[in-house]
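This report refers to the structure that appears directly beneath it.
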Amino acid sequence: MPSNFSKSHSLPTYQERKAAIKGSNPLKRQRWLTADHIVDQVYCDMVNGIPSSEIIQKFANCQYDGQKKAIGSRTAFDYISAAKDRMMYDYEADMKELRSEIYSKILAVYNDAVEEGDRTNALAALEKIMKLGGINDKPQTAIQINSDKEGGVTVNFGFDKNED
């Protein structure tokens, strides 16, 4: 059964969420703002390690600011889902920033190693940079196993290709 919970609560920024509700009637807008505020609180609970079962219990006991009545588990899951979606946006943005920071730190290690003439650590830093960048330095070999109608089996390890 589809949910009637607004997908706009899952958008990553408040500005995007607010723009999605723009132009609606004042009563609907106020209910949306209250729900969005509750999703913010659920997000904070999740970041602080509160398990979903406890969040559902908080909904049942009207413990969220702005909550006027007990909320059942189905709607509670909608709130939790919206908070998780926001968390994924944050995670993706944080990972891009983290990858950039790690890259610059490994590059500094590489630079120090080159300046000191330490080729072992310079190569290790390059390997880390390649791994971080998704560059695979090892060729992949495909193994093929074929059988024929007469019961014979042919195994091809991919080594007979003429590649330089």
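Residue pairs that meet the salt bridge (Lys or Arg N to Asp or Glu O under 4.0 Å) test with at least one member in residues 49-58, sequence neighbours left out, are D45-K58. Among residue pairs with one or both ends in residues 49-75, those qualifying as ring-ring contact (aromatic ring centres under 6.0 Å, His included) are F59-Y64, F59-Y79; sequence neighbours excluded.
The side-chain heavy atoms of L132 and K128, taken from C-beta on, include no pair separated by under 4.5 Å. Proximity of S81 to D85: side-chain heavy atoms (C-beta onward) are separated by under 4.5 Å at one or more points.
Shown here for Q63 and Q67, the closest heavy-atom pair between the two residues is N-OE1, 3.6 Å. Between I56 and A76, the shortest heavy-atom contact is CG1-CB, 4.0 Å. Considering every non-hydrogen atom in both A70 and A60, the closest pair reads CB-O, 3.4 Å. Nearest heavy-atom pair across A82 and V39 is CB-CG1, 4.0 Å. Shown here for M46 and I80, the closest heavy-atom pair between the two residues is SD-O, 4.1 Å.
Separation of atoms CD1 (I55) and CZ (F77) is listed at 10.0 Å; rounding is to 0.5 Å. We find the SG-NZ distance between C62 and K68 to be 11.5 Å, quoted to the nearest 0.5 Å. We find the CG-OG1 distance between D65 and T34 to be 9.0 Å, quoted to the nearest 0.5 Å. Atom CD1 in I102 sits 8.5 Å away from atom CZ in R99 (nearest 0.5 Å). A distance of 12.0 Å separates CG in L126 from CZ in R119, rounded to the nearest 0.5 Å. Interatomic distance, OH of Y43 versus CG of N48, reported as 10.5 Å (0.5 Å rounding).
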Just distance, no hydrogens or angles: give the donor-acceptor pairs under 3.5 Å from side chains in residues 103-117, sequence neighbours left out.
| from | atom 1 | to | atom 2 | distance (Å) |
| --- | --- | --- | --- | --- |
| S104 | OG | E101 | O | 2.8 |
| N111 | ND2 | E115 | OE2 | 3.4 |

